[in-house]
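Nothing here was measured: the structure is a model prediction, and the numbers come from that model.
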Amino acid sequence: RVLDRLVGYKISPILNKRLLEKQLSAGRVQSVALKLVVEREREIQNFKPEEYWTLNALCEKDNIEFKSALVSKNGKKYTIKTQKEMNEVLEILRQNIFKVSKVNRELKKVRPQPPFITSSMQQDAGSKLKFTLNTTTKVAQSLYEGVTTKSYGKKALITYIRTDSTRVSTDAQIATKEFILKKYGEKYAPDKFNIYASKASAQEGHEAIRPIDINITPESIKAEITTEQYKLYKLVYDRFLASQMSDAIFDTLTVEINSDVYTFKVVGKTPVFDGFQAVYKAVQSEEEESGNDKEVKLPNLNEGDVLRLVDLLYEQKFTKPPLRYTEPSFIKLMEAKGIGRPATYAQ
């Protein structure tokens, strides 16, 4: 803060004068944000791509074909770096059997995400709705101040939009549970209310961002509000409703297959109970989207099963530089580093 007052306050007027941009300032938020953008750009410019190869074994049992990815050699994580190395691995694998070495089946519970705080609403609106930060702020403000409809007159639809707390009032939780029981049934309402931890730095003065009245569904007022208002209200509504629902349950099957010193792995995932995902699915990160944890149909596999190798599928790839920030990813970074507050992000 001292630096801000001694340096920032003097530099900001010069920036405004020289760059003819009245909104620009050299404050402790913008200066650090600019530094992060510059550092990322330098990373991209200095990046040297490295070659690597992916290898998948297409195997078959009971007339069901499935792919498994090469993950280790002699029990250690392994990546093929060159074509020569790939050819050597292929030669060994074509002369060996593929045998199931480990099968692990378990039911996995996935907990709903907490209701929105300012920064998570900004991120999801950017990722799911492709809203700019300014659009999200403007539309959220209009939903908080109130919209006029025939059914309800002028009515505020969501709670205060500048908050870093995930706290929900008991009245709202009780009303939401009644709504879930009525609309979705007993299985979808957890025995105890879902409570979410806020960050240590959170100011608990306000609740999480949620619909003020759970019975005012987005569909019921869709025709009476703007498209942008409807989209953002639905996002807030669905996220909050899902946060108060039961866990989703998946039957996961993790299978390891050995051939000589090489180990391949495949993960099958079958939904058992959709739970909160009946209402809201979170935006997946790139890592999750490219991961193995997807819905894959697998035959009945047991340890010791010998599989028929159908084909070995390989591809040359190169590592890629980090991506430039998008508004949602930049907000996520600033929040993680404790820079600024959500109310300052738009500027």
Side-chain angles (χ1 to χ4, degrees), residues 61-62 64 66-69 100 102-117 120-121 123-124 127-129 166-198 208-211 213-220 231 233-256 265-303:
K61 188 196 173 192
D62 301 336
I64 297 173
F66 63 95
K67 284 193 294 187
S68 57
V100 176
K102 192 175 176 183
V103 177
N104 183 31
R105 171 171 260 127
E106 61 177 333
L107 285 177
K108 273 192 180 174
K109 288 186 175 183
V110 179
R111 195 171 189 237
Q113 288 187 302
F116 281 137
I117 57 174
S120 57
M121 178 183 71
Q123 288 170 55
D124 255 29
S127 302
K128 280 194 163 189
L129 307 178
T166 55
R167 184 174 61 81
V168 177
S169 72
T170 309
D171 289 350
Q173 287 179 316
I174 292 167
T176 306
K177 184 168 185 174
E178 286 172 5
F179 181 87
I180 293 165
L181 287 167
K182 191 175 169 184
K183 185 168 181 181
Y184 295 95
E186 209 169 308
K187 284 197 299 182
Y188 287 87
D191 296 333
K192 292 180 181 176
F193 293 135
N194 292 339
I195 307 290
Y196 300 91
S198 297
I209 302 171
R210 63 169 178 83
D213 184 348
I214 198 70
N215 294 300
I216 302 177
T217 63
E219 284 67 33
S220 69
K231 284 181 177 177
Y233 181 55
K234 181 170 170 55
L235 194 73
V236 170
Y237 184 98
D238 290 352
R239 170 82 166 226
F240 173 70
L241 183 59
S243 77
Q244 303 303 303
M245 293 174 78
S246 301
D247 297 349
I249 302 171
F250 293 90
D251 185 6
T252 60
L253 184 66
T254 306
V255 180
E256 288 183 8
K265 186 178 174 183
V266 60
V267 179
K269 183 177 165 185
T270 312
V272 176
F273 173 60
D274 56 356
F276 74 93
Q277 290 193 346
V279 173
Y280 186 91
K281 281 194 177 180
V283 176
Q284 283 192 309
S285 67
E286 285 170 37
E287 293 82 11
E288 288 168 325
E289 284 174 353
S290 61
N292 287 325
D293 201 14
K294 295 177 183 174
E295 287 176 34
V296 177
K297 188 183 178 186
L298 294 174
N300 181 26
L301 296 169
N302 300 291
E303 285 180 23

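Atom-to-atom distance recorded for T252:OG1 and E106:CD is 4.5 Å, nearest 0.5 angstrom. Taken to the nearest 0.5 Å, the OG1 atom of T217 stands 10.0 Å off from the CG atom of D238. The line from CZ of F240 to CG of L235 is 14.0 Å long, rounded to the nearest 0.5 Å.
Pairing each heavy atom of F250 with each of P271, the nearest pair is CD2-CA, 3.6 Å. Across Q173 and Q244, no two heavy atoms sit closer than the pair CG-OE1, 3.6 Å. Between M245 and L241, the shortest heavy-atom contact is CG-O, 3.2 Å.
N194 places a side-chain N or O within 3.5 Å of a backbone atom of S243 that can act as its donor or acceptor partner. With T166 contributing its side chain and Y196 its backbone, the two residues share a donor-acceptor pair below 3.5 Å. A donor-acceptor pair is defined here as one N or O able to donate and one able to accept, closer than 3.5 Å; no such pair exists between the side chain of D62 and the backbone of I64. Looking only at distances, no side-chain donor or acceptor of S220 sits under 3.5 Å from a matching main-chain atom of I216.
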Item to complete: Might you work through the side-chain contact (heavy atoms from CB on, under 4.5 Å) test for K102 and K265, ending with a clear yes or no?
Response: CA-CA 9 Å; K102 192 175 176 183; K265 186 178 174 183; over 6 Å; no

Practice prompt. Step by step, work out the side-chain contact (heavy atoms from CB on, under 4.5 Å) result for D247 and F276.
Written response: CA-CA 6 Å; D247 297 349; F276 74 93; 5.5 Å; no

Discussion item. Determine whether Q113 and Y280 satisfy the following criterion, side-chain contact (heavy atoms from CB on, under 4.5 Å), listing intermediate values before the conclusion.
Written reply: CA-CA 9 Å; Q113 288 187 302; Y280 186 91; 4.3 Å; yes

Worksheet item: Should S120 and R239 be marked as a side-chain contact (heavy atoms from CB on, under 4.5 Å) after you check the CA-CA gap, both sets of side-chain angles, and the distance that decides it?
Response: CA-CA 11 Å; S120 57; R239 170 82 166 226; 4.2 Å; yes

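The side-chain heavy atoms of P211 and V236, taken from C-beta on, include a pair separated by under 4.5 Å.
A search for ring pair (Phe, Tyr, Trp, His ring centres under 6.0 Å) contacts involving F273 returns Y188, not counting sequence neighbours. In this structure, the side chain to side chain contact (heavy atoms under 4.5 Å, CB included) partners of S68, at least two apart in sequence or on a different chain, are A57, I257, F264, V266.
The 12-atom threshold is exceeded at NZ of K61, counting heavy atoms of other residues, nucleotides or ligands nearer than 6.0 Å.
At least one cation-pi condition fails for R210 and Y237: the charged atom is not both under 6.0 angstrom from the six-membered ring centre and inside a 45 degree cone around its axis.
Using a cut-off of 4.0 Å between Lys/Arg side-chain N and Asp/Glu carboxylate O, K269 and D251 are scored as not salt-bridged.
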Please tabulate, one pair per line, all N/O donor-acceptor pairs under 3.5 Å involving side-chain atoms of residues 174-187, not counting sequence neighbours.
from, atom 1, to, atom 2, distance (Å)
T176, OG1, A172, O, 2.6
K177, NZ, P190, O, 3.2
K177, NZ, D191, O, 3.3

